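Quick note: residue numbers are just sequence positions, from 1. Remember, predicted model here, so these are calculated numbers, not experimental data.
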Amino acid sequence: MTHVLVTGGAGYIGSHACKALAARGFVPVTFDNLSTGWAQAVKFGPLVQGDLTDRAALDAAFREYAPVAVMHFAAASLVGESMSNPGKYWRNNVMGSLNLIEAAAAAQCQEFVFSSTCAVYGEQDGVVLTEASHKAPINAYGSSKRAVEEILRDFGVSHGLRSVIFRYFNVAGADPEGVLGEYHRPETHLIPVMLEAIDGQRLNW
């Protein structure tokens, strides 16, 4: 069996990634602390309940499953909260990601997919953004994601780590087969909030 370690695999994007991996013959190993994810969303491979700040737990997962790649979706992701509690975002998103990257390098797992964010660009209205556009985050969430991108760059130079970075804009939708959906409590994503408002579920927002 060919394993892929999926951090945050019990969450929205991560669980859909796990489904896609399973459809292509991989066994996704979800590593998740279940702080915002759901155990019932882990349907396509084993669940390792652990935290990114626990290096020993990460090393154990790499030893047990010997993944050929990492897909990293685990992060604190609320912009407003990142402004009032930046320490949480630097600790979880940056320190946790560094633990993960170092564990992958130590295990000689050289393929890495990182779930970043459009928040690394900051406010740049009226321009077409590309991968090469200037990055100027205006909150701790965006800054923490930019920092991880830079860590990946450095580990590419020092350890030959090969990485792909996704910068999302308002992810929404559900699995066309109805196996997985989008479920956040509280709901914070723009498109679901807009649809709830249209449906009369939100009177003040």
Side-chain angles (χ1 to χ4, degrees), residues 6-17 31-38 41 50-55 58 70-102 112-155 163-173 181-199 201-205:
V6 183
T7 67
Y12 172 43
I13 301 175
S15 62
H16 283 77
F31 188 94
D32 201 302
N33 65 10
L34 301 181
S35 60
T36 57
W38 310 92
D51 195 274
L52 291 177
T53 59
D54 185 348
R55 175 62 189 271
L58 286 167
V70 174
M71 299 185 75
H72 180 26
F73 300 99
S77 60
L78 301 179
V79 170
E81 181 187 53
S82 81
M83 297 300 291
S84 61
N85 188 9
K88 174 181 177 179
Y89 283 71
W90 287 96
R91 186 177 305 108
N92 182 78
N93 294 3
V94 180
M95 295 174 63
S97 295
L98 178 57
N99 269 342
L100 175 63
I101 293 165
E102 289 184 324
F112 201 103
V113 175
F114 176 51
S115 178
S116 190
T117 173
C118 65
V120 299
Y121 296 114
E123 293 183 349
Q124 299 189 48
D125 293 337
V127 300
V128 176
L129 295 172
T130 71
E131 291 182 8
S133 294
H134 178 61
K135 293 183 285 295
I138 59 172
N139 52 63
Y141 171 55
S143 294
S144 70
K145 290 287 193 170
R146 182 179 66 174
V148 178
E149 291 187 11
E150 293 172 354
I151 293 170
L152 286 170
R153 178 201 63 201
D154 291 343
F155 272 76
S163 60
V164 172
I165 296 169
F166 295 138
R167 296 176 183 147
Y168 305 109
F169 291 77
N170 294 320
V171 177
E182 180 174 359
Y183 186 75
H184 306 101
R185 288 297 177 267
E187 181 58 74
T188 59
H189 288 203
L190 174 62
I191 294 176
V193 167
M194 178 185 69
L195 293 174
E196 288 177 357
I198 293 170
D199 193 44
Q201 298 178 42
R202 290 174 178 262
L203 300 179
N204 299 302
W205 65 291

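Between Ile138 and Tyr121, every side-chain heavy-atom pair lies at or beyond the 4.5 Å cut-off. Within the 4.5 Å cutoff, the side chain of Phe31 has no heavy atoms near those of the Val6 side chain. The shortest distance between side-chain heavy atoms of Leu100 and Val70 falls below 4.5 Å. Side-chain contact between Trp38 and Ser15 is absent, with no heavy-atom pair separated by less than 4.5 Å.
The backbone N or O of Lys135 lies less than 3.5 Å from a partner atom in the side chain of Arg146, making a donor-acceptor pair. Between the Asn93 side chain and the Lys145 main chain, no donor and acceptor come within less than 3.5 Å of each other. In terms of modelled atom types and a separation under 3.5 Å, the side chain of Ser115 and the main chain of Phe73 share no donor-acceptor contact.
Taking the six-membered ring where the residue is Trp, Phe112 and His72 present perpendicular rings, their angle passing 60° and hence far from 30°. Ring pair His16/Tyr12 is perpendicular by interplanar angle, where above 60° counts as perpendicular and below 30° as parallel.
Here Phe114 contributes atom CZ and Ile101 contributes atom CD1; the two are 7.5 Å apart, rounded to the nearest 0.5 Å. To the nearest 0.5 Å, atoms CE (Met95) and OG1 (Thr53) are separated by 8.0 Å. Atom OG1 in Thr117 sits 12.0 Å away from atom CD1 in Ile165 (nearest 0.5 Å). Here the CD atom belonging to Glu102 is positioned 8.5 Å from the CD1 atom belonging to Ile151, to the nearest 0.5 angstrom. Taking OG of Ser97 as the reference point, atom CG of Asn92 lies at 7.5 Å (rounded to 0.5 Å). One finds the CG atom of Leu129 at 8.5 Å from the SG atom of Cys118 (value rounded to the nearest 0.5 Å).
Contact detail for Val120 and Ser116: the closest heavy-atom pair is CG1-OG, 3.8 Å. The two residues Leu98 and Phe155 come nearest to each other via the heavy atoms CD1-CE1, 4.1 Å. Closest non-hydrogen pair, Ser133 versus Thr130, comes out as OG-N, 2.8 Å. When all heavy atoms are compared, the tightest approach of Ala41 to Ala10 is CB-O, 3.7 Å. Taking all atoms of both residues into account, the shortest heavy-atom contact from Ala140 to Ser82 is CB-O, 3.2 Å. The shortest heavy-atom contact between Ala119 and Asn139 is CB-OD1, 4.5 Å.
The 12-atom threshold is exceeded at CZ of Arg55, counting heavy atoms of other residues, nucleotides or ligands nearer than 6.0 Å.
Under the side chain to side chain contact (heavy atoms under 4.5 Å, CB included) test applied with Asn99, the options Val94, Leu58, Leu52 reduce to a single match, Leu58.
Remark: Arg167 engages Glu149 in a salt bridge, criterion side-chain N to carboxylate O under 4.0 Å.
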* Walk me through it: do Glu81 and Tyr89 pass the test side chain to side chain donor-acceptor pair (under 3.5 Å)? => CA-CA 9 Å; Glu81 181 187 53; Tyr89 283 71; 2.5 Å; yes
